[in-house]
Chemist: 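I'd like to ask you about the structure that follows.
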Amino acid sequence: MKKFLIVFLFLITASFSFADSEEIDLYNYLYQGALTHEEQLSLLQTMAESKLTGAGDFYSRALHRLVIEYPNVSGATAREVADEQAIVLANLLGQEKYAAAGPDLWRAVDVFSNPLVKAEVLMALGKIQARAFLPQVIQVLQALNGSPAPDRLNGERVAFGAIVALEKYQDISGYLPVYFASTGWYSDRIKNQALNSLAVISSDPTQPMLEIINGSGYNYAVKLEALQSMEASGASNDSKSSVAAAALSEGWRASTTDARLRGQLNSMRKFAMRMIRSYGASGDSIYPLLERSYKQFADRNDGDRDEALDALNTLRTLASDESARRLSAFLMTINQKLQSGTLTRKDEDLVRAIIPALGAAGRPIGRPALNSVVALNWTAAVKALAQEALRDLQ
C-alpha cells in the first residue's frame with residue numbers, strides 16, 4: 001500500500017500542474033482515507049519533500065488526530081511509525097509557524113514517551129511562538145536541570161529540545177533555565193548548545209544575573225559563577241559595573257562561620273572589585289563596601305590581606321574625590337598609630353600600599369595626609385613614597 005501511494009502521487013503530480021492549495025487538498029483526501037499510520041507517514045514525508053506552503057491547517061488537524069489516536073496504538077512497530085509521524089508533523093508545523101497548533105503540540109509532550117518526539121515538539125512550540133506554553137517549556141528544562149535523568153541520553157534529548165525552544169521564544173524568562181543548563185550535568189554538546197542559545201535569547205544578561213546574585217535561593221558558588229558569566233558576556237560596561245556592585249554588596253551582606261563558604265564570599269568580593277576596576281563604579285554605594293574589605297584585614301585578625309590590597313587598588317583606580325577621601329582616612333589612622341606607639345608590622349605593610357594609591361588617585365584631597373607622613377617620624381623610605389605621591393598631585 002505504501003509503494004502504491006507513492007507511485008500514485010508521483011504520477012498525479014507529474015502529470016498535472018497543481019497550485020499548492022489544490023495539492024494540499026489532494027493530500028488531505030488521501031490522508032483521510034489512509035488505513036494505517038504507515039500510510040499516513042508516507043504521505044507526510046512526501047509532503048515534506050514537496051516543500052508545500054500553506055499546509056499548516058492540515059498538519060494541525062493531522063496532529064490533533066494523531067494525539068487522540070496514539071494511546072490506542074499497540075505494537076512496537078506501530079508506535080515507532082506513529083512517533084516518526086509526530087516528529088514529521090512537529091517539524092512541518094514549526095516550518096509553517098502555525099501558532100494555532102500550540103495546544104496539540106503541548107498535549108503531544110505529555111502523550112508521547114519517546115524523547116525524540118518530545119524534543120521535536122518542544123522545538124516546534126518555540127518556532128511557532130506558542131507563548132501560552134512558554135512557562136511549561138521552562139518547567140520542563142528546570143526539572144531536567146535539577147539532577148541527572150535516570151537515562152542520561154534521553155534526558156539530554158529532551159533538554160536539547162527545550163533549550164532550542166527557549167532560544168526560539170527569545171524571552172528573557174527563559175534565560176536562567178538555559179543558563180543553568182550551560183553549567184549543569186549535561187554533556188558538552190548540550191552545554192555548548194545552551195551557551196549558543198543564551199546569546200540569542202539576550203545579549204544583556206544583567207537582569208537574570210542580578211536575580212541570581214541577589215536571590216536567596218542560590219548558594220555562594222552559584223552567585224560567583226553568575227558574576228563570572230556576566231564578566232564574560234557582551235553586556236555593556238555600565239551593566240557589568242552594576243552587577244559587580246551588587247555582588248560586592250552581597251559578598252558583605254551574607255555571613256557564615258563555614259570556612260569554605262567564607263572563602264567563596266571572599267572570592268566573589270575580590271572578583272567584583274576586579275570588575276569595578278575594569279568597568280568603573282555604578283554609584284557611591286561601593287565605597288563603604290571597599291572600606292569594609294580594607295578594614296576587615298587592617299583592623300582585625302580574620303581578614304584577607306589580598307582582599308585589602310584589592311580594595312586599595314580599586315580605590316586607586318577609581319581616582320575619585322571619594323576614593324581619595326577614604327584613602328586619606330586610612331593613612332591618617334596609621335599616622336595616629338605611629339604617634340601613639342601602637343604601629344604594627346601590618347600597618348607598615350599597608351602604608352606602603354596606601355601612599356602610592358593616594359598619589360595615583362591624583363586628588364588634592366590627599367595632600368594633608370601625605371604632608372603628615374613627611375612631617376612625622378616615618379622611615380626615609382616611607383617619606384620618599386609620600387614625597388613622590390605629593391608630586392603626583394601637582
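All values below come from the heavy atoms of this structure, side chains included, with hydrogens, waters and symmetry mates left out. Since we're looking at a predicted model, the values are computed, not measured.
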Chemist: Which residues pass the ring pair (Phe, Tyr, Trp, His ring centres under 6.0 Å) test with Tyr294, sequence neighbours left out?
Modeler: Phe330
Chemist: Between Phe112 and Tyr70, does the ring centroid distance fall short of 6.0 Å?
Modeler: yes
Chemist: Determine whether Asp171 and Leu166 satisfy the following criterion, side chain to side chain contact (heavy atoms under 4.5 Å, CB included), listing intermediate values before the conclusion.
Modeler: CA-CA 7 Å; Asp171 190 285; Leu166 293 174; over 6 Å; no
Chemist: Tell me yes or no: between the side chains of Asn91 and Gln95, is some donor less than 3.5 Å from an acceptor?
Modeler: yes
Chemist: Do Gln207 and Glu211 get their side chains close enough for a donor-acceptor pair, meaning under 3.5 Å?
Modeler: yes
Chemist: With no hydrogens and no angle check, just 3.5 Å: does a side-chain donor-acceptor pair link Ser320 and Ser323?
Modeler: yes
Chemist: With a 4.0 Å cut-off, would you call Asp310 and Lys270 a salt bridge?
Modeler: no
Chemist: Just checking, is any N or O donor in the side chain of Thr256 or Arg262 under 3.5 Å from an acceptor N or O on the other one?
Modeler: no
Chemist: Would you tell me whether Gln296 and Glu307 have side-chain atoms, one donor and one acceptor, within less than 3.5 Å of each other?
Modeler: no
Chemist: Going by atom types alone, do Glu38 and Ser42 pair a side-chain donor with an acceptor below 3.5 Å?
Modeler: no
Chemist: Might you point out which heavy atoms bring Glu250 and Lys223 nearest each other, and give the distance in Å?
Modeler: OE2-NZ, 3.5 Å
Chemist: May I ask you to check whether Tyr279 and Ser236 show a side-chain donor-acceptor distance below 3.5 Å?
Modeler: no
Chemist: Does Leu390 share a hydrophobic cluster with Leu376, counting links as ILVMFWY side-chain heavy atoms below 4.5 Å and allowing steps through other members?
Modeler: yes
Chemist: Classify the side-chain pair Asp204/Thr206 by whether it contains a donor and acceptor separated by less than 3.5 Å.
Modeler: yes
Chemist: Working to the nearest 0.5 angstrom, can you tell me the gap between Glu156 CD and Lys191 NZ?
Modeler: 9.5 Å
Chemist: Side-chain donor-acceptor pair under 3.5 Å between Ser241 and Asp238, yes or no?
Modeler: no
Chemist: Return the minimal non-hydrogen interatomic distance between Ser173 and Leu134, and the atom names on each side.
Modeler: OG-CD2, 3.6 Å
Chemist: Using distance alone, with no hydrogens and no angle criterion, decide if Trp185 and Asn145 have a side-chain donor and acceptor under 3.5 Å apart.
Modeler: no
Chemist: Using the six-membered ring wherever Trp is involved, compare the ring planes of Phe58 and Tyr31 and label them parallel, tilted or perpendicular (cut-offs 30° and 60°).
Modeler: perpendicular
Chemist: Shortest non-hydrogen contact from Ala311 to Ser293?
Modeler: CB-CB, 3.9 Å
Chemist: Taking the six-membered ring where the residue is Trp, are the ring centres of Phe180 and Tyr218 under 6.0 Å apart?
Modeler: yes
Chemist: Using the rule that two of Ile, Leu, Val, Met, Phe, Trp, Tyr join whenever any of their side-chain heavy atoms come within less than 4.5 Å, decide whether Met230 and Val200 are in one cluster.
Modeler: no
Chemist: Cluster question for you: counting only ILVMFWY and a side-chain heavy-atom cut-off of under 4.5 Å, with indirect links fine, are Val140 and Leu153 together?
Modeler: no
